[in-house]
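Worksheet for the structure shown next.
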Amino acid sequence: MSEPTSSPATSADSTRASAVGKTNPMKQFFASPAGRSIGLVIALLLLVAVGAITAGENFMNIDNFFVIVRYASVIGVIAIGMTFVITAGGIDLSVGSVLGLASVVASVGAVQTAAEGFWPLMVFVSIAVGVLAGLTNGLIIAYGKVVAFIATLAMLVGARGLAELISGRSTQVVNNDGFLDFFRAELLGIDWVVWIFVLVSIAGWFLFNRTTFGRRTVAIGGNATAARLAGVNVKRHTVYLYMIAGACAGIAATMLLSRTTAGTSTHGQLLELDVIAAVVVGGTLLIGGRGTIGGTVLGVMLFAVLVNVFTQNNLSSSWQLVAKGVIIVVAVMLQQRLANREASSSG
Amino acid sequence: MRLCYVHRVIEDDHPVSLLEVRGLAKSFGSAKALTGVDLDVRAGEVHCVLGQNGAGKSTLIKTLSGAHQPDAGEIRWNGESVTIADPVAALELGIATMYQELDVVDGLTIAENIFLGHELARGGVMNRREAAQRTRELMKRLGHPDLSPSREVGTLSPANQQLVSMARALSHDIKLMVMDEPSAVLDSGEVDNLFRVIKELTNQGIAVIYISHRLEEIDRIGDRISVLKDGASQASNLPVKGTSTRELISLMTGTDMEHAFPEHVPVPDDAPVVLEVEGLSLGKHFSDVSLSVRAGEIVGLAGLVGSGRSEILETIYGHRKATAGTVRVNGKELKPGAVTHAVGSQMGLSPEERKSQGLLLEEPIYRNATLSTFARFAKGWLLDEPAERRATEEQMKALELRPAEPDRITRTLSGGNQQKVMLARWLIHGTKVLLLDEPTRGVDVGARMEIYRLIRRLASEGTAILIVSSEIDEVLGLADRVNVIADGRVLDERPAHDIDEHGVLDLIMKGSAA
């Protein structure tokens, strides 16, 4: 009975709706993921301009660019893993400690001896330590029903202690030439450390945006109950997420091992804060449900450039911290402003 | 056929009512919550407001408490027209509201809860002794001198938490107390105490607006009654004495709704039993529930709020883990407490709280529609979003979900369209057993008819459907068979055409009393 009348109504409705969309391309653009990142790109360009003006040639040269990217790589790799965890509504405070632990385990005498003939063993060990720590975090959170903040806080403390026990609080020098040579080598004029960051970012972007794994991650962060009632195995997925975060910490540990040529229990102290700040500034919602790998990369770069600009101008690291704090607050406030505008324009 | 009731406002010789409401209207977007409500409340009376879910009771309360602003109409207080801008303004007038969801803070003590927001303090230093003293007086007035002011509220029973909420209202100088289904969380002894307290309040000249689903309570406590239906007053200020329960039920339900339900299609005798539930129990929520649904059949669970009907659905689905009993789909036993297993066995649930339990509101429609099936569309790990969009578009067309934009953000849809997204999810999934919990909650009347037709169509295509609704006429109108539920037990099971709404309410009241 309603059939004849329904089809004209349909077309009228949809044309009206799309017309509304067309009248406001700016608003639509800023609501899109790329549009949300545009603010970050602008901030980054501003910071580069500040660097160029204040430090001139010292800042604007290709070597300094690689200094910045190399610095960003370690934090960046961990931030990719953290983006998954935070998007799913979780948090992993333990990544810095796990990095320290992985660097220590991968550089103990026994492992280095065993790795003499086959240096990638050190990499495997380091990643395995990270995955194991993540597995532990995930199991405690998903099946032990401990909130992520507490569970990973415990891991933060515990892993650091374990690293101290294993290393005896002494620095373990890496003397595996194969390992060091590999990371010293370049490909197409670019460090392997940087390549790893690039590869992890691309893999992370792909996993996040193009796979069922990424879809589950966003769904759980958006509404865990709805995801569960739709048949998503939320607990199992939660464990995977923390394993990814741990694996990223393990990868970052090998990068740091090669850069410092030493494993120590103090590696990665307070790193979790830099990582979380970069992820959140990048546009991933701390409450979950929305995340962006591209934003995270931009967030990491923003902080890396900031550190470099301060160093180039011989400003104290204390001022760096103050500036970082300001950036975090301003960035998150701007994001909320945009998110609210988006919600009110669509609702 | 009477399509609407004669609008009755009984005028009386009282010169001034404490509260007069005239022509109150309120819309949320396109949804009309109130379309014309009239109400007179006198000092010292218990004025009952009746109505089904969605009749507009909550909106009325929220308007009186200052949480919502009316679009039209007048509120007069002591004969003077007033605007209630916010909850503080309501309290200043002397209107206190006790919501269904208790608004107490678990971690604070009784005294701290009562004086929350208006602490007894001098120069910022709390006067704990006076707070304790006044709390003792208030609790005594409420018939519970045994509750210590320093007791933490989280350790109290719901009934006692309600007392704290009431004491907080009384700590202000109030003239009108609005109570939203206060008996829903109480057992019968506690209800007696509640009524004693209400009598006490009215003796002191305080008026009470009492909202309840339980008609038998109104006989005991009420002075006058107003009935809401679909946001409008059906009758205002009826005296309790001289108004029959039957008349009230008719006023609440109306008679024109029956025609909205699609024709029943007889289920063939040889239709296989798809869902079999045996002796299912869940702690204190319900026990020994057995039922079965055949292919193409719609079975309804009729019961009041708190009867355990939603818990039964959720336990069948594995959202809650059964303490005893079995659930079988096509003869295969489901693992208790395993939703993934239920979904894998062709079962789907449209939950009671669509927004908090069903949908990813910030995500596009298609991602909600394929939340159970995106992995099936995917090639290995790789999502196939074009295929997801196509499948969603197809369902949107079939469900007449307009505008047909699968990329639209789900939050922007009306309640009816959001419900259609839930249905689309399970249609794409191809469920054989569909559990529907309150499928028309928050759905306006027009969209309801569509949802009813869709549910019936699904059944005629062979889906076994188990439906729960707090609107008994909806269960009776849609279902082929009905299980009447009260206090977590199945009281009766029979063909839907063998029983009417009065019969169901009768059974429930007798069952609850037993």
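Chain identifiers are assigned alphabetically (A, B, ...) following the order of the sequence lines, protein sequences preceding nucleic acid strands; residue numbering begins at 1 within each chain.
- When heavy atoms are compared at a cutoff of 4.5 Å, Lys379(B) does not approach chain A at all.
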Problem set entry | Stepwise salt bridge (charged side-chain N to carboxylate O under 4.0 Å, His left out) test for Arg390(B) and Glu394(B) | CA-CA 6 Å; Arg390(B) 276 197 301 277; Glu394(B) 201 175 293; over 6 Å; no
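- Of the charged side-chain nitrogens involved, none lies within less than 4.0 Å of a carboxylate oxygen, so that Arg290(A) and Glu362(B) do not count as a salt-bridged pair.
- For Arg354(B), no part lies near chain A; criterion is any non-hydrogen pair under 4.5 Å.
- When atom types are taken as modelled, the side chain of Arg215(A) and the backbone of Phe374(B) share no donor-acceptor pair closer than 3.5 angstrom.
- For Leu382(B), the parts lying under 4.5 angstrom from a heavy atom of chain A are both the backbone and the side chain.
- Within the 4.5 angstrom heavy-atom criterion, no atom of Thr373(B) approaches chain A.
- Within the structure, the salt bridge (Lys or Arg N to Asp or Glu O under 4.0 Å) test picks out the following pairs touching residues 338-353 of chain B (sequence neighbours left out): Glu352(B)-Arg441(B), Glu353(B)-Arg441(B).
- In summary, Arg309(B) and Asp437(B) do not engage in a salt bridge, as defined by a charged side-chain N under 4.0 Å from a carboxylate O.
- Arg425(B) and Ala230(A) get closest at one heavy-atom pair: NH1-CB, 3.7 Å.
- Within the structure, no pair that satisfies the salt bridge (Lys or Arg N to Asp or Glu O under 4.0 Å) test touches residues 217-241 of chain A, not counting sequence neighbours.
- When the salt bridge (charged side-chain N to carboxylate O under 4.0 Å, His left out) test is applied to Arg216(A), no partner is found at least two apart in sequence or on another chain.
- Contacts from residues 218-226 of chain A to chain B, taken as heavy-atom pairs separated by less than 4.5 Å, involve Val218(A), Ala219(A), Gly222(A), Asn223(A), Thr225(A), Ala226(A) in sequence order.
- Across Glu363(B), His341(B), Met422(B), Arg367(B), the residue that shares the most heavy-atom pairs under 4.5 angstrom with chain A is Arg367(B).
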